[in-house]
Amino acid sequence: MAPNEAANITTPSEPESVGGSEMSSEDTAAARPLLSSSSPSPSLSPSAASAAPVLESIEELDRRYAPYARRDAYGPMGLGPLSAAEAARLAFAAVVLVPLRVMAGVLVLVVYYLVCRVCTLRVEEEREGGEGDGYARLDGWRRAGVVRCGRALARAMLFVFGFYWIREYDCRFPNAEDDDVDQSKETERPGAIVSNHVSYVDILYHMSASFPSFVAKRSVARLPLVGLISKCLGCIFVQRESKTSDFKGVSGAVTERIQRAHQQKNAPVMLLFPEGTTTNGDYLLPFKTGAFLAKAPLRPVILRYPYKRFNPAWESMSGARHVFLLLCQFVNYLEVVHLPVYYPSEQEKDDSKLYANNVRKLMAVEGNLILSDLGLAEKRVYHAALNGNSLPRALHQKDD
C-alpha cells in the first residue's frame with residue numbers, strides 16, 4: 001500500500017482502549033499522573049522529555065482535548081462517583097434490564113446470521129483487488145432478503161439498545177428553489193454517505209436506514225456471526241499486509257466502490273466516517289480525503305445523541321463497559337439530520353481537500369457542531385494521560 005493511502009481512508013473506528021482497574025474519579029486523580037501537552041524542558045533530551053510527564057488535572061485535560069471529553073453523569077472513563085439514587089438505578093438495570101436485552105440482542109444477531117447463511121448458499125465470495133472479500137454483488141432474491149431483513153433487524157437491535165424513537169429530519173436549504181440546478185443532477189445517485197462518527201450505534205442506524213457497505217478491519221470478517229453479516233453488507237476489509245500483484249490499496253478499492261454505487265442502482269452505497277475516529281458528539285474533526293477522491297456526489301448525514309445521564313458516545317472507556325452502561329439506560333435518544341445530496345463543483349472534483357473541507361463546514365453549520373483541529377493522535381495522548389501512561393508511540397504513527 002502506498003504510504004499515503006491508509007491515511008486517506010477511514011473506517012467505523014473504535015476509541016482507543018483505556019482499560020485498567022476501575023477506580024473512583026478521586027482515586028484516579030490521586031493515583032494516576034496526567035500528562036501535559038506543554039513543551040518539555042530544553043535541558044531534557046527528547047527521550048527523557050517523553051518519559052517525564054507533567055501533572056495536569058482532569059479538568060485541564062478535558063479542556064485541552066474537548067472533542068473527546070465525557071461530561072455525563074459517569075465522568076471520565078465512566079468511572080466517576082455516582083449518587084445513591086444513580087447507583088441503585090444502575091444495580092436494578094444490571095439485574096433486570098441487561099439480561100433481557102442481551103438475550104434479545106443475541107436472538108436478533110442469530111436470526112440475521114441465518115438469513116445471511118440462506119441467502120449466500122452456493123454463492124462464491126468475491127475478492128476486490130486483493131483488499132477484501134464479501135458478497136457485495138448479491139442480486140435477485142438474495143440481495144432483497146439480505147437488505148430487507150438487514151434493515152428490519154438493525155432497527156430491532158436499536159430498539160433492544162433502548163432507541164425506541166428516532167427523530168429524523170430532511171434538511172432543505174431555504175434558497176434551494178432559487179438555485180439553478182442541472183436537471184440531470186436530480187437523478188444522480190450519491191456514491192457514498194458521509195457521517196460524523198460518535199458511536200458504534202452509528203452503524204446500526206445506517207444499516208436500518210440505507211444498508212450501506214463500509215470499510216472494516218480484516219479481523220471483522222473472521223468473527224463468529226458478525227463475519228458473515230459484514231460480508232453480506234459488502235464491506236471492504238482492510239488487509240494491509242497484502243502483497244498480491246493486483247493489490248490497489250484501500251483508497252483505490254473505496255474509490256472504485258463509490259463510483260460503482262454512483263453509476264449502478266443496485267450497487268450498495270458506501271458509508272464513510274471522514275473523521276477517522278469518534279468524538280463526544282459536540283465536535284467535528286478534520287476530514288480525511290478518502291471519501292472524496294471518487295469525485296462523486298455524496299449524502300451528508302448528521303447524528304446527534306441527546307442524553308440526560310449517560311452519553312452514548314463511545315469515548316475513553318472499554319467497549320464492554322460502554323455496552324453495559326448503554327444497556328442499563330432504559331431510554332436512549334437519537335436524532336438524525338439528512339442533508340441534500342452534495343454535488344461537487346469542477347474545482348472540488350479537482351481538489352479533494354477542498355471538497356472535504358466544504359462538506360465538513362456545511363455539516364458543522366447544519367448540525368450545530370464545533371470545528372476542531374484535533375485528530376486521532378491527540379486522542380491517543382488524552383487516553384494515555386487518563387491511564388497515567390507516557391506519550392504513546394502511536395503519536396508517531398499514521399492514523400488508522
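Quick note: numbers below take in every heavy atom, side chains included, and nothing from hydrogens, waters or symmetry partners.
Checked by atom type and distance alone, the side chain of Arg70 pairs as donor or acceptor with a backbone atom of Ala313 at under 3.5 Å. Side chain of Glu275 to backbone of Asn196: no donor-acceptor contact under 3.5 angstrom is found. A donor-acceptor distance shorter than 3.5 angstrom exists from the side chain of Arg101 to the backbone of Val160, with no hydrogens or angles considered. Under a 3.5 Å cut-off, the side chain of Arg142 and the backbone N or O of Leu121 do form a donor-acceptor pair. Judged purely by atom type and a 3.5 angstrom limit, Thr278 uses its side chain to pair as donor or acceptor with the backbone of Trp314. One N or O on the side chain of Gln329 and one on the backbone of Phe310 form a donor-acceptor pair closer than 3.5 Å. Panel note: side chain Asp72, backbone Asn311; a donor-acceptor pair is recorded below 3.5 Å. Of the possible donor and acceptor atoms, none in the side chain of Asn332 sits under 3.5 Å from a partner among the backbone N and O of Phe163. Under a 3.5 Å cut-off, the side chain of Ser345 and the backbone N or O of Glu348 do form a donor-acceptor pair. Using modelled atom types, one side-chain atom of His262 and one backbone atom of Arg189 make a donor-acceptor pair closer than 3.5 Å.
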- Going through the distances and angles, do Val220 and Val226 end up as a side chain to side chain contact (heavy atoms under 4.5 Å, CB included)? CA-CA 7 Å; Val220 173; Val226 176; 4.3 Å; yes

- Message: side chain to side chain contact (heavy atoms under 4.5 Å, CB included) for Cys119 and Val115? Distances and angles first, verdict last.
- Response: CA-CA 6 Å; Cys119 291; Val115 170; 4.2 Å; yes

- Message: For Arg380 and Leu376: C-alpha separation, side-chain torsions, deciding distance, then whether side chain to side chain contact (heavy atoms under 4.5 Å, CB included) applies.
- Response: CA-CA 6 Å; Arg380 286 169 171 160; Leu376 182 56; 3.7 Å; yes

- Leu334 vs Trp165, side chain to side chain contact (heavy atoms under 4.5 Å, CB included): CA-CA, chis, key distance, verdict: CA-CA 8 Å; Leu334 173 58; Trp165 307 276; over 6 Å; no

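Taking each heavy atom of Pro297 and Pro344 in turn, the nearest pair found is CA-CD, 4.0 Å. Smallest separation of non-hydrogen atoms from Val301 and Met363: O-CE, 3.5 Å. Closest approach of Met157 and Leu109 over heavy atoms only: CE-N, 4.2 Å. Summarising the geometry of Pro268 relative to Ala261, their closest heavy-atom pair is O-CB, 3.4 Å, with the distance given to 0.1 Å. In terms of heavy-atom proximity, Met207 sits nearest to Ala154 at CB-CB, 3.8 Å. When all heavy atoms of Cys171 and Glu366 are compared, the pair lying nearest together is SG-OE1, 3.4 Å.
Here Glu256 pairs with Arg260 in a salt bridge; the nearest charged N to carboxylate O distance falls below 4.0 Å. Ion pair Lys353/Asp351 not flagged as a salt bridge, since none of the NZ, NE, NH1 or NH2 atoms sits closer than 4.0 Å to an Asp/Glu carboxylate oxygen.
Around atom CZ of Arg309, more than 12 heavy atoms belonging to other residues, nucleotides or ligands sit under 6.0 Å away. In the displayed structure, Tyr169 atom OH is contacted under 6.0 Å by more than 12 heavy atoms of other residues, nucleotides or ligands.
Under a hydrophobic clustering in which Ile, Leu, Val, Met, Phe, Trp and Tyr are joined whenever their side-chain heavy atoms come within less than 4.5 Å, directly or via other members, Ile193 and Val201 fall into the same cluster. In the hydrophobic cluster analysis, where Ile, Leu, Val, Met, Phe, Trp and Tyr join through side-chain heavy atoms closer than 4.5 angstrom, Ile203 is grouped together with Tyr113. Taken together through direct or relayed side-chain contacts under 4.5 Å among Ile, Leu, Val, Met, Phe, Trp and Tyr, Phe324 and Met317 form part of one hydrophobic cluster. A chain of hydrophobic side-chain contacts below 4.5 Å, direct or via other Ile, Leu, Val, Met, Phe, Trp or Tyr residues, connects Leu223 to Leu107. Under the 4.5 Å side-chain heavy-atom criterion for Ile, Leu, Val, Met, Phe, Trp and Tyr, Leu97 and Tyr333 are members of the same hydrophobic cluster.
The side-chain contact (heavy atoms from CB on, under 4.5 Å) test with Pro67 singles out one residue from Leu374, Leu284, Asp282, Thr277, and that residue is Leu374. Partner of Tyr355 under the ring-ring contact (aromatic ring centres under 6.0 Å, His included) criterion, out of Tyr343, Phe287, Tyr342: Tyr342 alone.
The side-chain heavy atoms of Tyr74 and Glu86, taken from C-beta on, include a pair separated by under 4.5 Å. Looking at heavy atoms from C-beta onward, Ile236 lies in side-chain contact with Val254 at the 4.5 angstrom threshold. Residues Asn280 and Arg71 meet the side-chain proximity criterion, which asks for heavy atoms closer than 4.5 Å. Arg117 places a side-chain heavy atom less than 4.5 Å from the side chain of Leu228. Contact annotation: the side chain of Leu369 never approaches that of Tyr283 to less than 4.5 Å [non-hydrogen atoms, C-beta and beyond]. By the 4.5 Å heavy-atom criterion applied to side chains, Phe292 and Pro274 are counted as neighbours. In this structure, Ser213 and Val269 have side chains that are not in contact, with every pair of non-hydrogen atoms separated by 4.5 Å or more. Residues Tyr68 and Leu285 are in side-chain contact: their nearest non-hydrogen atoms beyond the backbone lie under 4.5 Å apart.
Annotation: ring-ring contact (aromatic ring centres under 6.0 Å, His included) contacts of Tyr382 (sequence neighbours excluded): Tyr65.
Taking the six-membered ring for Trp and the full ring otherwise, the centers of Phe214 and His206 sit at least 6.0 Å from each other. Taking the centre of each ring, Tyr164 and Phe159 come in below the 6.0 Å mark.
In summary, the side chains of Tyr305 and Glu335 do not present any donor paired with an acceptor at a separation below 3.5 Å, with no hydrogens or angles considered. With no hydrogens or angles considered, no side-chain donor-acceptor pair links Gln347 and Asp350 at under 3.5 Å. Side chains of His322 and Tyr200: a donor on one and an acceptor on the other come within 3.5 Å.
Note that the CZ atom of Arg143 and the SG atom of Cys232 stand 9.0 Å from one another [nearest 0.5 Å]. Atom CG of residue Leu339 and atom CD1 of residue Ile302 lie 4.5 Å apart, to the nearest 0.5 angstrom. In this structure, Tyr205 OH and Arg155 CZ are separated by 9.5 Å, a value rounded to the nearest 0.5 Å. Atom CG in Leu293 sits 12.5 Å away from atom NZ in Lys288 (nearest 0.5 Å). To the nearest 0.5 Å, the span separating SG on Cys116 from NZ on Lys231 amounts to 11.5 Å. In this structure, His338 NE2 and Ser195 OG are separated by 10.0 Å, a value rounded to the nearest 0.5 Å.
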